[in-house]
S.K.: 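Please read through the structure below; I'll follow up with questions.
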Amino acid sequence: MLDTDSFKKVFLSELDKAASTSELQQVRIKYLGKKGLLTAQLKNLSTMPAEEKRSFGKAVNELKGFVENEIALKESALGNADLKKRLSSETIDVTLPGKYTPVGREHPINKVLREIEDIFISMGFGVEEGPQVELDYYNFEALNMPKDHPARDMQDTFYITDDVILRTHTSPVQIRTMEKKKPPLRFIAPGKVYRCDADISHTPMFHQVEGLMVDTDISFSDLKGVLETFIHRIFNPETSVRFRPSFFPFTEPSAEVDIGCIFCKGSGCQVCKGTGWLEILGAGMVNPRVFEMVGYNPAIYTGFAFGMGVERITMLKYGIDDIRLFFENDLRFLRQF
Ligand code: PHE
């Protein structure tokens with residue numbers, strides 16, 4: 001005979017031990033599965049005498065109902081516990097402070113570079129680029145500086161081979177662009193240049209902006225007008241401008257352009273070394289020899305060129321006294337711009 005009381009007792013203690021839905025599933029299989037304990041009891045029925053069958057069948061079915069009911073109760077209890085656990089572990093504390101995402105900003109050199117570009121673009125200039133690893137031919141030769149020219153000494157050159165160098169200025173872009181295009185031309189060429197030099201006002205890499213304008217009737221007064229307009233916009237409209245005779249092999253005549261010292265307004269200070277003037281760029285009328293090198297007829301075309309250092313202009317604009325600050329990546333410095 002089936003001892004339903006002790007059966008229930010064993011079942012209930014096993015049920016009690018089931019602490020998760022998967023453990024509960026094991027209990028369900030053990031009792032109600034195809035090979036489960038209750039299923040096995042029902043199979044006994046067929047071999048029983050008829051008078052026992054009735055009461056035995058009834059007892060087993062009752063037991064089955066009991067087991068099913070208990071399992072269902074336990075299941076919903078476990079489900080509630082699971083839900084509670086998930087709800088408490090997955091809550092979001094909306095009062096916690098947010099994550100700090102630092103915001104980057106433009107480097108001061110790029111910022112000023114962009115201002116320079118914007119000013120020239122507004123005057124109708126295009127923008128050209130050239131390689132930083134350059135041939136001797138474009139950096140020197142085609143700019144009227146043959147191999148033994150003393151002007152080469154002014155530019156402390158990084159050599160890669162005898163013929164391949166790091167460009168020492170952006171002037172080679174003049175040649176490359178004139179080789180590609182016919183006049184009239186009006187463009188600037190911004191970019192990195194390299195010289196083997198390092199101190200408070202020199203770094204081995206720095207930035208220049210070249211300018212070139214070529215047409216049939218470009219004169220020195222066009223050069224003055226364009227550069228004065230530029231200087232008044234990049235500094236301020238009251239800035240005085242001075243052209244001083246100078247020499248570059250690729251321009252003739254050549255000039256060094258100074259601005260009235262923006263720190264002492266011309267009365268003389270440490271920055272302008274008492275002169276009242278600050279040198280900011282080199283310029284001149286394109287040397288006819290350069291036109292010949294690129295196949296332009298110097299009897300027809302004239303032009304002007306200029307080249308400026310972006311670090312120098314940025315230092316003057318913001319009163320920075322050491323060029324190396326631009327490349328140390330000290331955030332305390334960079335965050336000020
Ligand atoms: N390339 C010259 C330099 O770097 C600057 C310059 C450019 C001068 C164009 C005249 C004309 O020193």
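The basis for the numbers below is simple: all heavy atoms, side chains too, and nothing from hydrogens, waters or symmetry mates. When a ligand or atom number is given, it counts from 1 through the structure's own listing order.
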S.K.: Show your reasoning for whether salt bridge (charged side-chain N to carboxylate O under 4.0 Å, His left out) applies to Asp215 and Arg186.
M.R.: CA-CA 9 Å; Asp215 206 342; Arg186 181 167 44 167; over 6 Å; no
S.K.: Can you tell which of Phe248, Tyr138, Phe250, Tyr194 makes a ring pair (Phe, Tyr, Trp, His ring centres under 6.0 Å) with His169?
M.R.: Phe250
S.K.: Taking side chain as C-beta onward, heavy atoms only, is Phe327 less than 4.5 Å from Thr203?
M.R.: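 Yes; the side chains approach each other to less than 4.5 Å.
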S.K.: Using the rule side chain to side chain donor-acceptor pair (under 3.5 Å), only one of Asp156, Thr157, Asn139 pairs with Thr168; which is it?
M.R.: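 Among Asp156, Thr157, Asn139, the one meeting side chain to side chain donor-acceptor pair (under 3.5 Å) with Thr168 is Asn139.
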S.K.: For Arg335, give me all partners under salt bridge (charged side-chain N to carboxylate O under 4.0 Å, His left out), at least two apart in sequence or on another chain.
M.R.: none
S.K.: What does the N/O contact table under 3.5 Å look like for ligand 1?
M.R.:
from     : atom 1 : to     : atom 2 : distance (Å)
ligand 1 : 1 (N)  : His169 : ND1    : 2.9
ligand 1 : 1 (N)  : Ser171 : OG     : 2.9
ligand 1 : 4 (O)  : Arg195 : NH2    : 3.0
ligand 1 : 4 (O)  : Gln208 : NE2    : 2.9

S.K.: Ring-plane angle category for Phe125 and Phe120, please: parallel below 30°, perpendicular beyond 60°, tilted otherwise.
M.R.: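 Rings of Phe125 and Phe120: perpendicular, over 60°.
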